[in-house]
Amino acid sequence: MRNENPAVPVDDSAPGDGLVKAGVIVFAVGAVATLVTVAPLLLGTDPFPTVAYLVSMLMGVGFLIAAAGLLRSIAAQRRQARAGRTA
């Protein structure tokens, strides 16, 4: 029977993966806040205070964080490809 767990842990995360994960989480928080702030407008109740609308702006911030992580990952892959081509 082959051991499925290697003796040395393998780190297969690329540069930028952490930013993408953080961006997804921030985007999700912003998306939930957007749904919560729009619901009273559709239901005809009193709208939430301005702070709730500002929290919904996290959706765009999360998108920018994830995009930065994606660009960082692309840059690292291009550097690795160039290093492999010259070697």
Run Leu35 and Val32 through side-chain contact (heavy atoms from CB on, under 4.5 Å) and show every step you take.
CA-CA 5 Å; Leu35 291 174; Val32 169; 5.6 Å; no

Could you report the tightest heavy-atom contact between [X] and [Y], atom names first, then the distance?
X     : Y     : result
Leu70 : Val20 : N-CG2, 3.8 Å
Leu41 : Pro47 : CD2-CB, 4.0 Å
Pro40 : Thr37 : CD-O, 3.5 Å
Phe48 : Tyr53 : O-CE1, 3.4 Å
Val26 : Ile65 : CG2-CD1, 4.4 Å

Donor-acceptor contact below 3.5 Å, side chain Ser73 vs main chain Gly69:
no

Please round to the nearest 0.5 Å and tell me the distance separating atom CZ of Arg85 and atom CZ of Arg78.
9.0 Å

Rounded to the nearest 0.5 Å, how far does CG of Leu64 lie from CG of Leu19?
12.0 Å

Name the one of Gln80, Arg72, Gln77 that satisfies side chain to side chain contact (heavy atoms under 4.5 Å, CB included) with Pro15?
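Considering Gln80, Arg72, Gln77, a side chain to side chain contact (heavy atoms under 4.5 Å, CB included) with Pro15 is found only for Arg72.
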
Determine whether Met59 and Val29 fall in the same hydrophobic cluster, where Ile, Leu, Val, Met, Phe, Trp and Tyr are linked whenever their side-chain heavy atoms lie under 4.5 Å apart.
no

